[in-house]
Amino acid sequence: MRVRLRAFAARGALAIAVLAGIAYIGGARYTRQYAELRCTEGQTAQPVSVAPVYVCRAQPATDHQWPRAVAVEDRVALYLVHVHIRIFDVDRVWGTSHFFALNVPSL
């Protein structure tokens, strides 16, 4: 039983070392981008269209309260820059997810 555990641990360590080597050689770059639209006092962030695009406008005299701050960009991505490969790119504002792709331009 111990021999199987040692073999499993050795294979796991080898797999981690290979992944770390690929990440180092490929130039792994993790990016996190976040931006908010913050409106001044008396204004609220109101949507312009169906898309998540907002502008600051005067607060309307209705019961519905629009928020004063909204996220306009919230993206997480992992690229291998040296070999132009995208591992994943998730945009939470637009609700899009892009995974493995080749020939992606450098950041």
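Counting begins at 1 with the first residue of the sequence.
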Margin query: Do Ile22 and Leu14 land in one hydrophobic cluster if side-chain heavy atoms of ILVMFWY residues count as linked below 4.5 Å?
Written below: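 Shared cluster, yes.
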
Margin query: Under 4.5 Å between side-chain heavy atoms, counting indirect links through other Ile/Leu/Val/Met/Phe/Trp/Tyr residues: same cluster for Val104 and Val76 or not?
Written below: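 No, because Val104 and Val76 fall into different hydrophobic clusters, even though each may have its own neighbours under 4.5 Å.
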
Check: Are Gln65 and Gln59 close enough, and set up right, to give a side chain to side chain contact (heavy atoms under 4.5 Å, CB included), and what steps lead you there?
Finding: CA-CA 8 Å; Gln65 285 290 350; Gln59 188 171 356; 2.6 Å; yes

Euclidean distance, [Y] [atom2] relative to [X] [atom1], rounded to 0.5 Å:
X: Phe88; Y: Tyr30; atom1: CZ; atom2: OH; result: 6.5 Å
X: Asp91; Y: Arg75; atom1: CG; atom2: CZ; result: 4.5 Å
X: Arg38; Y: Arg68; atom1: CZ; atom2: CZ; result: 8.5 Å
X: Thr44; Y: Arg57; atom1: OG1; atom2: CZ; result: 9.0 Å
X: Arg29; Y: Leu78; atom1: CZ; atom2: CG; result: 11.0 Å
X: His98; Y: Arg86; atom1: NE2; atom2: CZ; result: 6.0 Å

To check you understand the geometry: which heavy-atom pair defines the closest contact between [X] and [Y], and what is its length?
X: Ile25; Y: His82; answer: O-ND1, 3.2 Å
X: Val48; Y: Val55; answer: CG2-CG1, 3.6 Å
X: Leu37; Y: Ala45; answer: CD2-CB, 4.4 Å
X: Leu102; Y: Ile85; answer: CD2-CG1, 3.7 Å

Note to self: A quick test of your reading: do over 12 heavy atoms of other residues, nucleotides or ligands sit less than 6.0 Å from CZ of Phe100?
What the structure shows: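 Buried by this count: over 12 neighbours within 6.0 Å.
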
Next item on the list: Would you indicate whether the side-chain heavy atoms of Trp66 and Pro47 approach each other to under 4.5 Å?
Entry: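 Yes, their side chains come closer than 4.5 Å.
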
Notebook entry, point to check: Do Phe99 and Ile87 have side-chain heavy atoms sitting under 4.5 Å apart?
Noted result: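 Result no, sub-4.5 Å side-chain heavy-atom pair not found.
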
